[in-house]
Amino acid sequence: MNASVRGPCPAPASSRRWLGALALALALALTGCSAFSRAVKEGDLASQEQQWAEAEAAYLRALAADPEASEVKVKLGKVRQAWSEVVLAEARSVHSTGELDAAMKLLVRALELNADNVSARELLSEVLNARVAKGHAALKAERLQDARAEFDAVLSVAPDHAAAKRGVDGVQVAWARRWFGTGEGLEKAGKLGNALVAYVRADQERVGATAARERAEAVRQKLRDEVAFLVVASPVEDRAGAPDVAQRLAAGRLAAMLPTKLPLRVVTEAPEGREGVRLDLALERVLPLQVVEESQRTQRYLAGNRSVPNPRRSGFEGKLLQAERALEDVERKQAAALREYLRMQAELGMVRVSAERCRERERRECREALHECGEAAREVSGPGQFPSECNPKRCDTKACVAEEVLLVAKAAASLEKEKALEAALDKAEAQRTQVQRHRDTTFREPITVEEPMYSDFVFDVQLHRLTVTATVTAVMRDLLKAQQVPAPNTQDYAVAHEDTAHKGYDRYGVLADPVQLRNELELRVEAGDKAAADLALRVKERFDAYRGKRVEDARRGMVRPGAEDVVETAVRALLLTADAPPQDILQPLGRARGLNRPETLVGL
């Protein structure tokens with residue numbers, strides 16, 4: 001084709017890719033420029049119309065499109081300065097009406113727009129001082145909530161304002177004194193539970209401003225004495241003549257085993273109408289008993305050595321036998337593979353001879369056909385004549401196709417048999433190596449080994465056991481039920497200790513062990529302590545039943561936790577559960593009376 005009529009040569013693939021990337025970048029740049037310019041125009045228009053919020057938003061959009069646009073930053077700064085002046089003018093107007101809170105909010109906004117606005121900062125300082133003065137006036141007038149609101153508002157804007165901080169301290173002191181006065185009035189009126197709550201609130205408002213903590217502790221102690229569960233312990237009746245055990249059951253020991261956080265008192269006399277029990281104890285007997293029991297033990301010792309068949313050699317011989325049997329199986333498979341390979345080679349040789357004979361016969365017939373064709377061609381005289389003896393099909397008979405196909409199949413089958421034979425030979429060689437290794441390992445291991453021979457030596461042992469049993473009879477009566485029929489409860493508290501003793505026989509490795517029993521006096525004291533601990537547990541069960549009723553009464557009143565009668569009942573229930581105050585009573589009471597840490601009521 002002529003070069004003058006050829007079309008334009010297509011651009012290479014790399015050039016097309018570069019052109020596409022350049023076009024995409026150009027489109028993005030144009031899009032960004034259009035968004036940037038449109039935002040700047042909108043900002044300029046809004047600034048001319050003094051629509052400061054819209055102008056600021058437009059300039060911010062422009063900076064989002066191009067953060068390095070310095071002229072937009074300058075315009076944004078000017079807009080904010082102008083807007084700050086507008087807000088300052090509005091704040092001055094509001095300040096002239098006396099609305100300090102609204103003026104303060106506007107001045108804070110003006111300074112947010114322009115931190116360098118000196119006029120706004122001076123006016124804000126004036127407003128803050130005015131609010132502080134207003135708070136102090138409210139404080140003098142005992143309007144504590146209004147005063148605290150003013151001081152908190154000032155501190156929300158200026159956290160380091162010294163006058164506002166002093167004002168907050170003054171409000172806290174005033175609240176503490178007010179709550180302390182309330183507590184004194186409630187205490188004089190006999191409402192100790194409400195008085196305790198008021199003293200705790202006063203102490204939490206301002207620690208040390210009043211003597212609330214000391215008064216709270218005194219009132220708490222009065223309430224504990226009022227709700228205390230009394231255990232009237234009579235002197236122990238010693239019928240066994242064992243003063244060392246009887247003194248372990250005295251009132252002081254019983255009180256030491258009871259929990260100290262709870263209002264649980266052990267006394268000798270109780271006033272009328274108090275909750276508690278009367279505990280009468282009698283030590284019936286103290287019986288020490290020592291028993292010696294004869295028994296026998298055995299100690300194994302080394303008597304000598306003896307020769308025994310080596311168990312390791314037995315294991316190696318078993319492995320060798322398994323390897324030899326595996327070798328026999330492998331060799332049988334190898335012989336079978338060899339026979340198959342030889343048979344296949346014989347068949348392949350026969351097929352190859354048959355194929356060669358067929359090929360030789362075809363060549364001979366083709367040569368004869370070529371000779372006849374030459375003779376016939378010489379006899380033909382005219383041009384363009386073709387004798388019938390020169391037909392090419394006489395040399396392309398395909399008579400040996402079956403022999404060729406059979407030869408190829410037999411050759412492939414022979415190759416597979418050869419591979420199978422090689423694999424069998426390799427496996428047999430590996431198995432022979434394994435057998436030889438097992439044989440070497442077995443013959444290196446000795447036939448017999450020396451084994452230690454042990455014998456048992458029987459020796460006599462004495463078991464010494466010392467038991468001290470204290471029998472205590474306890475009668476527990478309810479103080480509020482004078483006609484209650486006594487129900488004695490007699491319990492045995494046994495403490496035992498035992499030790500073994502035997503002689504020493506150095507020849508057999510038995511070391512002498514003499515008797516080391518504990519002293520009978522120690523066991524008597526321990527028996528008394530065990531009885532006292534059990535009695536303390538039974539007293540605690542009575543106390544749990546008593547305080548469970550008080551707690552249920554307090555829970556029923558939690559529908560109105562701020563009422564004075566409910567507070568009285570709840571505080572007493574909390575003092576009875578000082579070891580684990582119920583949260584469903586403690587938390588509602590604390591929220592109703594504004595306590596930061598309601599657990600302080602129980603002294604935690």
Side-chain angles (χ1 to χ4, degrees), residues 135-152 165-229 261-263 265 271 273-275 547 550-551 553-554 557-578 581-582 585-604:
H136 282 294
L139 179 59
K140 290 181 181 180
E142 294 295 328
R143 291 184 288 106
L144 303 182
Q145 293 182 352
D146 296 339
R148 183 60 185 267
E150 295 293 335
F151 295 138
D152 288 343
K165 289 183 177 180
R166 289 194 298 271
V168 170
D169 293 341
V171 171
Q172 291 177 347
V173 171
W175 272 118
R177 290 174 179 173
R178 179 179 292 185
W179 279 108
F180 184 77
T182 303
E184 287 181 335
L186 292 170
E187 184 179 0
K188 291 178 181 178
K191 300 177 180 179
L192 299 182
N194 287 272
L196 177 60
V197 174
Y199 287 139
V200 171
R201 176 67 184 276
D203 184 66
Q204 290 183 358
E205 286 292 342
R206 187 68 175 183
V207 178
T210 61
R213 182 167 298 184
E214 292 77 8
R215 293 303 308 157
E217 185 60 33
V219 172
R220 190 182 295 113
Q221 189 60 41
K222 289 180 182 179
L223 287 171
R224 283 176 177 170
D225 294 339
E226 180 183 330
V227 300
F229 187 80
K261 290 184 178 181
L262 301 177
R265 307 281 189 267
R274 295 294 300 274
E275 290 279 355
R547 71 174 178 178
R550 291 294 190 96
V551 170
D553 293 341
M558 282 298 107
V559 292
R560 48 190 189 97
E564 288 188 352
D565 56 337
V566 174
V567 172
E568 292 290 333
T569 305
V571 169
R572 286 166 172 77
L574 291 174
L575 291 176
L576 287 171
T577 57
I585 298 177
L586 186 64
Q587 296 300 331
L589 178 60
R591 288 193 295 267
R593 291 304 179 92
L595 298 179
N596 298 328
R597 295 180 59 251
E599 60 272 9
T600 313
L601 289 172
V602 295
L604 297 179

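Ion pairing of Lys188 with Glu184 is absent here, as no side-chain N (NZ or NE/NH1/NH2) approaches a carboxylate O to less than 4.0 Å. In summary, Arg274 and Asp225 do not engage in a salt bridge, as defined by a charged side-chain N under 4.0 Å from a carboxylate O.
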message: Is there a side-chain contact (heavy atoms from CB on, under 4.5 Å) between Arg206 and Arg177? Walk through the geometry before answering.
response: CA-CA 9 Å; Arg206 187 68 175 183; Arg177 290 174 179 173; over 6 Å; no

field: Audit row: Thr600, Asp203, side-chain contact (heavy atoms from CB on, under 4.5 Å) steps and yes/no
entry: CA-CA 10 Å; Thr600 313; Asp203 184 66; 5.6 Å; no

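Between the side chain of Arg178 and the main chain of Glu142, a donor-acceptor pair closer than 3.5 Å is present. Under the 3.5 Å distance criterion, the side-chain polar atoms of Gln204 are matched with a main-chain donor or acceptor of Arg597. No donor-acceptor distance shorter than 3.5 angstrom exists from the side chain of Arg265 to the backbone of Ala228, with no hydrogens or angles considered.
More than 12 heavy atoms of other residues, nucleotides or ligands sit less than 6.0 Å from atom CZ of Arg593.
Once rounded to the nearest 0.5 Å, the distance linking CZ of Phe151 with CG of Asp146 reads 11.0 Å. The OG1 atom of Thr577 lies 13.5 Å from the CZ atom of Arg572; values are rounded to the nearest 0.5 Å. To the nearest 0.5 angstrom, Tyr199 atom OH is 4.0 Å from Glu187 atom CD.
Between Glu217 and the choices Arg220, Arg213, Arg215, Gln221, the side-chain hydrogen bond (donor to acceptor under 3.5 Å, both in side chains) rule is met once, by Arg220.
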